[in-house]
Amino acid sequence: AKKSGRNQYIYYEDLTSASSYRDLLELENDLNFALQNKEFELYYQPIYSGSEREMVGVEALLRWNHPTNGQISPTRFVPVAEEMGLMPSIGLWILEAAIDQANKWYQKGLIGFVSINISKTQMKDSSFIDKLDQLIKKYPFMPPMIHFEITESDITHYVREVVAFAKELKKRKVKIALDDFGVGTSSLLYLKELPIDVIKIDRNFIKNVPEDHYDSVLLAGILKITKELNLEVIIEGIESPEQIEYITSRSDAKLQGYYFSKPKPAYELEKTLRLE
Ligand code: C2E
Ligand code: MG
Ligand code: MG
Ligand code: MG
């Protein structure tokens, strides 16, 4: 894949190879009804502290349970929903579902924060902020526990909108995470322009660590910079104890990945949390 515009690349790859034009039309048609048919579900993937290996939060990840084709990956349907103008309304559902769930877990003492992905068209949707305000009114203690993940490659094309949106969010005292850090262009520049609290380092930076010398040095460098800048760091895609060792000996970054847990439905995750 090209280094820049990774999301676009995946999108067009889906259009041309992974699915035929007819499949795409069917997907679009079905997407129109998915929300009202309650076919969306949130899965949750735990995030751990590097030091105590304690669960500190969860990331909410969207799933589409298609009535005949089974579960469809968000990498496949989110870009299509985005193009169709459906993401603002799907996003409102995600926001409410994730925050209601976080409240339930918080009341049981089970989690710290919930991290919610936001796509680019949601940032121009004023009903998003309205919905957030309603939810904050319902759960006034919640804002510091909410992380909103903004994807780096979305920022490139919408710098001004993203900056304005991020400022609105910061007024509500929620945290902002820069997702897929390092995949887009001018990553370091965004650190200056946006009120970012958390950096989520993309799996591409970790997958060959520690075997690959170049990748390992690059990751160590990023960890050093983010430490100097006092940024909270979450590393995505942790799959081995060697990766954990490499990271925790160099930083206090938080860890997320299949090594700990795949994303799971709320009730399944809750079962494992109660056992911890
Ligand atoms: P993301 O936000 O970067 O989410 C991380 C993705 O990495 C998730 O894929 C997660 O399941 C996967 N992952 C986590 N740990 C590992 C690991 O150890 N190894 C590997 N190979 N993968 C790992 P998922 O759930 O398929 O989501 C893919 C992307 O779809 C997300 O990337 C995000 O860009 C988008 N997406 C998912 N849910 C939402 C949502 O609610 N809203 C929006 N706007 N986008 C979403
Ligand atoms: Mg994310
Ligand atoms: Mg994301
Ligand atoms: Mg990511």
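Both counts, for ligands and for their atoms, begin at 1 and track the order of listing. Residues take their numbers from the sequence shown, with the count starting at 1.
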Ligand 1 atoms nearer than 4.0 angstrom to some heavy atom of Arg203 are 19 (N), 20 (C), 21 (N), 22 (N)

Flag this pair as yes if the NZ/CZ of Arg63 is under 6.0 angstrom from the six-membered ring centre of Tyr43 and inside a 45 degree cone about the axis; otherwise no.
yes

Nearest non-hydrogen partners of Glu41 and Pro265, listed with the distance:
OE2-CB, 3.6 Å

For ligand 1, note which part of Gln256 has a heavy atom under 4.0 Å away: side chain, backbone, both or neither.
neither

Do Phe40 and Leu95 sit in one hydrophobic cluster, given that two such residues count as connected whenever their side-chain heavy atoms are within less than 4.5 Å of each other, even indirectly?
yes

Which ligand 1 atoms are under 4.0 Å away from a heavy-atom of Met87?
44 (N)

Side chain, backbone, both or neither: the part of Ile94 lying under 4.0 Å from ligand 1 by heavy atom
side chain

Counting backbone and side-chain atoms alike, does Asp202 have an N/O/S atom under 2.8 Å from the Mg ion (ligand 4)?
no

By number and element, which atoms of ligand 1 are closer than 4.0 Å to a non-hydrogen atom of Leu62?
37 (C), 38 (N), 39 (C), 40 (C), 41 (O)

Would you mind checking if Glu168 and Arg172 are paired as a salt bridge, meaning a charged N to carboxylate O distance below 4.0 Å?
yes

If you stand at the Mg ion (ligand 2) and look out to OD1 of Asn117 and OE2 of Glu59, what angle do those two lines make, to 10°?
90°

What is the ring orientation for Phe141 with Tyr106, classed by angle as parallel under 30°, tilted 30 to 60°, or perpendicular over 60°?
parallel

In short, Ile206 meets Glu236 closest at the heavy-atom pair CG2-O, 3.1 Å

Distance check below 2.8 Å: does Glu149 bring an N, O or S atom to the Mg ion (ligand 4)?
no

NZ or CZ of Arg203 within 45° of Phe205 ring axis and under 6.0 Å
no

Using heavy-atom distances only, which candidate in Phe260, Tyr258, Tyr43 approaches atom 12 (C) of ligand 1 most closely?
Tyr258

Could you see which bit of Glu59 sits under 4.0 Å from ligand 1, with heavy atoms only: side chain, backbone, both or neither?
side chain

Counting heavy atoms only, which part of Asp202 comes closer than 4.0 Å to ligand 1: side chain, backbone, both or neither?
neither

At less than 4.0 angstrom from any non-hydrogen atom of Gly237, what atoms of ligand 1 do you find?
16 (C), 17 (C), 18 (O)

If you count the atoms of ligand 1 from 1 in the order shown, which ones are under 4.0 Å from a heavy atom of Pro263?
11 (O)

Ligand-residue contact atoms, ligand 1 with Ile238, heavy atoms, under 4.0 Å:
18 (O)

What's the atom name of the N, O or S in Asp179 nearest to the Mg ion (ligand 4)?
OD1

Hey, is Thr151 one of the residues with a heavy atom under 4.0 angstrom from ligand 1?
no

Report the C-alpha separation of Asn65 and Glu39 in whole Å, then their side-chain angles, then the decisive distance to 0.1 Å, and conclude whether the side-chain hydrogen bond (donor to acceptor under 3.5 Å, both in side chains) test is met.
CA-CA 5 Å; Asn65 299 312; Glu39 291 164 9; over 6 Å; no

Quick look: Lys200 vs ligand 1, heavy-atom contacts under 4.0 Å, and the answer is neither

Ring of Phe128, cation from Lys131 - is the NZ or CZ under 6.0 Å from the centre and inside 45° of the axis?
no

Under 4.0 Å from a heavy atom of Thr75: give me the atoms of ligand 1 that qualify, with their elements.
28 (C), 29 (C)

Tell me whether Lys207 is salt-bridged to Glu239, with the criterion being a basic N under 4.0 Å from an acidic carboxylate O.
no

Among Ile47, Ile118, Asn117, which one has a heavy atom closest to atom 46 (C) of ligand 1?
Asn117

Under the side-chain hydrogen bond (donor to acceptor under 3.5 Å, both in side chains) criterion, do Ser153 and Thr151 qualify, and how do the steps go?
CA-CA 6 Å; Ser153 53; Thr151 302; 5.7 Å; no

Option of least heavy-atom distance to atom 19 (N) of ligand 1 (set: Glu82, Lys120, Glu149, Glu239):
Glu239

Nearest non-hydrogen partners of Glu96 and Leu135, listed with the distance
CA-CD1, 3.9 Å

When rounded to the nearest 0.5 angstrom, what distance separates CG in Leu169 from CD1 in Ile129?
4.5 Å

For the Mg ion (ligand 4), find the closest N/O/S atom belonging to Asp180 and write down its atom name.
OD1

